[in-house]
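Everything below concerns the one structure shown next.
Because the structure is predicted, anything quoted here is derived from the model rather than measured.
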Amino acid sequence: MVGMDIGGTVRERAARELRDRILTGALPAGTRIDLDAITAEFATSRTPVREALLELSFEGLVRVAPRSGITVIGISSADVLDSFTILGVLTGQAAAWAAERVTDEELDQLRALAAGVAEHSGDDAIGEANWRFHQAIHRAAHSPRLLAAIKQAARVVPTNFLVLFPEHEKHSLSEHEELLDALEKRDADHARVIAEHHVLEAGRSLADWLDRRNDHRSGSLPTAR
């Protein structure tokens, strides 16, 4: 599963962590965000946290109002499906171009990165290994414009996706191998289909999971995952 950048400044890390909490429902719609508490949690000054929240407001995830403060708007399962569909189209195009443009050296690197993902199966480090693998495929498309668009669109993917959805792990690993085979055969059409399906299935899982969480909060389900 494609993931977003794991590095960044204090502002970027704060935005990513808060975004993850909103995307996974840990911060549900209507939650008031305490700026001082978040600042203390991230052991930083108010400025980067304020900038991170402003970034999330531009993404439509929080509302920043002078009097009422900062309130989580949240994200609906329909929004998740739309966002993952867009991301799927972009990653599919990246895979197609990678099949046409990847070098032998890049293919060797991708094989090594895919092995690294498999090695971390079952532990929390799989998220970072998975991100590095997909990032390398995107770079193999040799299109800076597409890479920038994917980075923007991939913000909707929680960084701990494979930890939240361990059932995706085995399926994800097999699709990695299938995708690598398509790249090696220079089969752009097959690479596009695999990459796009990879992302769409992840989006459906997250959307269904959010619906279950919301049903649980409203009392429709006895338990939540």
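Ion pairing between a basic and an acidic side chain is recognised when a charged N comes within 4.0 Å of a carboxylate O; E41 and R13 show no such pairing. Ion pairing between a basic and an acidic side chain is recognised when a charged N comes within 4.0 Å of a carboxylate O; R46 and D34 show no such pairing. The pair R132-E128 counts as a salt bridge, with a side-chain nitrogen and a carboxylate oxygen less than 4.0 angstrom apart. Looking at R16 and E55, no side-chain N of the basic residue comes within less than 4.0 Å of a carboxylate O on the acidic one, giving no salt bridge.
Residues N130 and S172 are in side-chain contact: their nearest non-hydrogen atoms beyond the backbone lie under 4.5 Å apart. Residues L35 and V49 are in side-chain contact: their nearest non-hydrogen atoms beyond the backbone lie under 4.5 Å apart. No side-chain heavy atom of E196 sits less than 4.5 Å from a side-chain heavy atom of T91. Between T31 and P28 there is a side-chain heavy-atom pair separated by less than 4.5 Å. With a 4.5 Å cut-off on side-chain heavy atoms, L206 and P158 count as touching.
More than 12 heavy atoms of other residues, nucleotides or ligands shown are found within 6.0 angstrom of CZ on R101.
Residue S77 comes nearest to D211 through the heavy atom pair OG-OD1, 3.0 Å, listed as atom of the first residue, atom of the second, then distance. V80 approaches A207 most closely through the heavy-atom pair CG1-N, 4.0 Å. Annotation for H190 and E178: closest pair NE2-OE2, 3.3 Å, computed over non-hydrogen atoms. What you find for A95 and I137 is that their closest heavy atoms are CA-CG2, 4.4 Å.
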Test log, rule salt bridge (charged side-chain N to carboxylate O under 4.0 Å, His left out), inputs D104 and R111 = CA-CA 11 Å; D104 290 340; R111 289 283 182 194; over 6 Å; no

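Here the side chain of T85 pairs a donor or acceptor atom with the backbone of L81 at under 3.5 angstrom. Judged by distance alone, with hydrogens and angles left aside, the side-chain atoms of R32 form no donor-acceptor pair with the main-chain N or O of T71 at under 3.5 Å. Side-chain atoms of R19 never come within 3.5 Å of backbone atoms of A14 as a donor-acceptor pair (strictly under, hydrogens ignored). Under a 3.5 Å cut-off, the side chain of T44 and the backbone N or O of A40 do not form any donor-acceptor pair. Under a 3.5 Å cut-off, the side chain of E59 and the backbone N or O of L56 do not form any donor-acceptor pair. A donor-acceptor distance shorter than 3.5 angstrom exists from the side chain of E106 to the backbone of T103, with no hydrogens or angles considered.
Relative ring orientation between H176 and H134 is described as perpendicular, the plane-to-plane angle rising above 60° on a 0-90° scale split at 30° and 60°.
Checking S76 against D79 by side-chain atom types alone, a donor-acceptor pair falls below 3.5 Å.
Distance check: L110 CG to L180 CG gives 6.0 Å after rounding to the nearest 0.5 Å.
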